[in-house]
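Counting convention: from 1, in listed order, for ligands and their atoms alike.
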Amino acid sequence: MKLPQLEDLGPLDGKRVLLRADFNVPLEDGRITDDLRIRAALPTISWLQDHGAAVTACTHLGRPKGTPDPRWSLDPVRARLDELAPGVELLENLRFDPGEEADDPDFVARLIEGKDAYVDDAFGAAHRAHASIVGPPRFLPSAAGRLLAREVEVLGGLRSAPARPFVAVLGGAKVSDKVGVIEALLDVVDTLVVGGGMCFTFLAAQGHRTGDSLLEADQVEGCRRLLEQAGDRIRLPHDLTALGPDGTVRQVRADVADGWKGMDIGPGTAAAFSDEIEAARTVFWNGPMGVFEDERFAAGTRTVAEALARCRGFTVVGGGDSAAAVARFGLADEVDHVSTGGGASLELLEQGDLPGLAALREAPNVR
Ligand code: 3PG
Ligand code: MG
């Protein structure tokens, strides 16, 4: 997919550039707990500044629903950005204005006022057809920033020409969020490994008892169909770590008794999944294998993260919780690509395109 690049903007000396970034960073008590998304935009910012442009950045933070909310103040982001990239102006949280999510033309007009060019480096938000993403490229010469371009190259490459075997590892709570991406992945992967809360709906479809584990009853039939179509390529847990009604934690096989709740894949499954991952030449991982925030249920996710780190193939982690997991286990540097986009990376794998990318391809300097 060909996107306009920074070089396609022409001379930028003395020009004013609007940069859409995704500085939607995790916060705790008003402090940034992981500044990856700010650091990830620095190559684009320095490129623009080195070429003489004045950079005005904009981002959303949280989901403040169109009205100013001090909980989602950009002050901590502004302070960190100032340390990392002095001289960049940062606009107010875009979602303090209802015009952002509505893609309101007046809001777009205010964003681009006085600007000569637009750069989108907000990969994590490229699946949102919001004003700051799809609006400016209707009017301004536009380009993908370095981060956005790299994300699209890596994730797009997984769909088009993955080295084989290609193993996708999916986890996380809900299978309903991932049906589309599962179907798309089954078109390209050799093996799909399923753990996390979503595995119980698959296990139920196989006739296992799931006790009090997470289960989406309305998805069982869909999972049964996926297993019928591609069951020989789908790997499910054969043992689990479960939490009992009295707080006991024990290993069980793939059936969970009433009153018990599956919280993590078991050690046998973790070993089997690791073997699949280590033997792969391409791995995509999205979603933890268990409730890894709780040390009692972190082993499955840790084992998978360690296998990913040992894998000699090309390894990609889709953002969100799995990115947080590799960071927490100190393994982020061992992975070839940690995406800054959670929802965006899944949607790109599923659809092969995103609203933010389509908008850039339609910009006046490309048309
Ligand atoms: C993210 O954190 O996934 C992106 O910043 C998008 O945020 P959103 O899901 O609130 O649109
Ligand atoms: Mg590797």
note = With sequence neighbours left out, the residues meeting salt bridge (charged side-chain N to carboxylate O under 4.0 Å, His left out) with Asp321 are none

ask   = Hey, does Leu226 have a side-chain heavy atom less than 4.5 Å from the side chain of Phe202?
value = yes

inquiry  = With side-chain hydrogen bond (donor to acceptor under 3.5 Å, both in side chains) as the rule and sequence neighbours excluded, what pairs involving residues 226-237 come up?
reply    = Arg235-Glu276

message = As a quick check of understanding, evaluate side chain to side chain donor-acceptor pair (under 3.5 Å) for Ser274 and Glu306, giving each step before the final call.
response = CA-CA 8 Å; Ser274 295; Glu306 286 168 351; over 6 Å; no

query = Under a 4.5 Å cut-off applied to non-hydrogen side-chain atoms, are Leu155 and Phe284 in contact?
reply = yes

remark   = Applied to residues 44-86, the ring-ring contact (aromatic ring centres under 6.0 Å, His included) test, sequence neighbours excluded, yields Trp47-His51

message = Which protein residues come within less than 4.0 angstrom of ligand 1, counting heavy atoms only?
response = Asp22, Asn24, Arg37, His60, Arg63, Arg95, Gly124, Arg128

